[in-house]
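Order of listing sets the numbers, starting from 1, for every ligand and every atom in it.
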Amino acid sequence: MRNLEQKLRDKSARVGIVGLGYVGLPLALSFSEVGFRVLGFDIQQKRVNLVNQGRSYIADVSSDRLSAIRTKKLLEATTAQTRLEEVDVICICVPTPLTKTKDPDLSYVIQESEKISQHLQPGQLVVLESTTYPGTTKEVILPILERSGLKVGSDFHLAYSPERVDPGNEKYGIKNTPKLVGGIDSQSAKLAELLYRQVAEVVVPVSCPEVAEMTKVFENVFRIVNIALVNELAQLCEKMGISVWEVIDAASSKPFGYMPFYPGPGIGGHCIPLDPYFLASKAREYDFHTRFIELAAQVNEQMPYHVTWRIMESLNARGTSLNGAKVLVLGVAYKKGVEDLRESPSLRLIQMLQEKGATVSYNDPHISEIQVSKGTLASVNLTEEILSSADCVVIATDHSCYDLEQIAARSKLVFDTRGTTRGLNHDNIIRLGE
Ligand SMILES: NC(=O)c1ccc[n+]([C@@H]2O[C@H](COP(=O)([O-])OP(=O)(O)OC[C@H]3O[C@@H](n4cnc5c(N)ncnc54)[C@H](O)[C@@H]3O)[C@@H](O)[C@H]2O)c1
């Protein structure tokens, strides 16, 4: 252990990052940029080749950054899991999706732990970064790793440190987002803390992996519950003729005890819609039902239905039926400025509009093509003709590049699900929450 401590301090430790996706690739770069030699592992040969060619496939990582690190020979990627033996530290950043019935699918974590167990070396530190339910590190990963014959504490080290990355966020990244660390024992905690202090300005040690696991899930539960609250309020405001956007702005003037959340067509991304189910599922083992999570999921998942109904109603008021109408959806990424489609509410919305008989096209500067149940749709150019020929233009994702004034001026009807057109004075704009 002294050996690894020394190697972390003088940056001679070799860091292994398993899973080179939205979480793993930026982390691999962060370690290499402070001078560690990093070996990245992925099962996708294509990703491995791209990393080795210095070409990025993740929006938050520029190819320039990647190729600069490749030139310095500080980062290499491989599919060969036998090479896990070459590294001192292994950070696991593999996916943790849900099954169709919304139960945690730990198969990637389990498969990778089995691989690590086969190649585990004395003195190695293993850290799980993937989001999961409290208990995973101790109950799932530890027994698999100890099948190697090595014992945690004396032979190897194990910790949980959740990734808190917010894709597309230009203000907060790995360096200035405090990093939580929960070690399975005091030596593991100490080493994991030292590891992350090399790339993060603030490391927050907690007493055990379960606290770190619960904290990560709680942070996302906090978001879905508050988003659900404001989505519900938006629907009430519509009935009462009050603008929810104005209410949120006004409430935000309070300097304490309040923070703004915004309504929208639903929630998306890899974390917020999925992670709370990890907790809900684990809670059932204790005969406990996480009612806030279930209720929030119910309200949020109903939003695409509500938006479809509002679009239908808005067209109807203009003498047009949704069945046969041309609807142009602006933005299919799950949030502004990203190229990530995962769990995007726009996809659900497009599907529902199509089911109601609308002819749907879309524009998204970040996503050139999408698969919907009726086949493939390609992003259309946002020309004046496209805007004026649509019966309704739906702002589903508020990408900053959209020229709202032009969109409002050219379109017959705009339905804004993000409140982004506030401030524009066109009577063809209808907003969610008003
Ligand atoms: N994307 C986010 O914003 C975000 C934020 C915080 C936490 N997380 C969590 O981090 C974890 C990873 O998420 P992500 O968004 O980076 O996923 P991702 O799908 O972008 O990347 C995962 C990568 O792991 C690879 N992989 C899968 N199994 C592997 C294996 N056995 N060995 C090597 N590579 C393997 C995949 O090929 C893929 O490249 C998840 O648990 C997620 O919940 C994600």
* Asked: So does Glu232 have more than 12 non-hydrogen atoms from other groups sitting under 6.0 Å from CD?
  -> no
* Asked: When you look at CE of Met352, are more than 12 heavy atoms from neighbouring residues, nucleotides or ligands closer to it than 6.0 Å?
  -> yes
Atom pairs and distances, donor-acceptor, side-chain atoms in residues 334-345, under 3.5 Å, two or more places apart:
unit_1: Lys335; atom_1: NZ; unit_2: Asp166; atom_2: OD1; d: 2.4
unit_1: Lys335; atom_1: NZ; unit_2: Pro167; atom_2: O; d: 2.9
unit_1: Asp340; atom_1: OD1; unit_2: Arg342; atom_2: N; d: 3.0
unit_1: Asp340; atom_1: OD1; unit_2: Arg342; atom_2: NE; d: 3.2
unit_1: Asp340; atom_1: OD2; unit_2: Arg342; atom_2: NE; d: 3.4
unit_1: Asp340; atom_1: OD2; unit_2: Arg342; atom_2: NH2; d: 3.2
unit_1: Ser344; atom_1: OG; unit_2: Val332; atom_2: O; d: 2.6
unit_1: Ser344; atom_1: OG; unit_2: Ser346; atom_2: N; d: 3.3

* To do: Check each protein residue for a heavy atom under 4.0 Å from ligand 1 and list those that pass, ordered by chain and number.
  => Val18, Gly19, Leu20, Gly21, Tyr22, Val23, Phe41, Asp42, Ile43, Gln44, Arg47, Gln81, Cys93, Val94, Pro95, Thr96, Tyr108, Glu112, Ser130, Thr131, Glu163, Val165, Pro167, Lys216, His270, Cys271, Arg342
* Set of residues satisfying salt bridge (charged side-chain N to carboxylate O under 4.0 Å, His left out) with respect to Asp105, sequence neighbours excluded -> none
* Structure fact -> With sequence neighbours left out, the residues meeting salt bridge (charged side-chain N to carboxylate O under 4.0 Å, His left out) with Asp88 are Lys7
* Shortest non-hydrogen separation from Cys93 to Glu129 and the atoms involved -> SG-CB, 4.0 Å
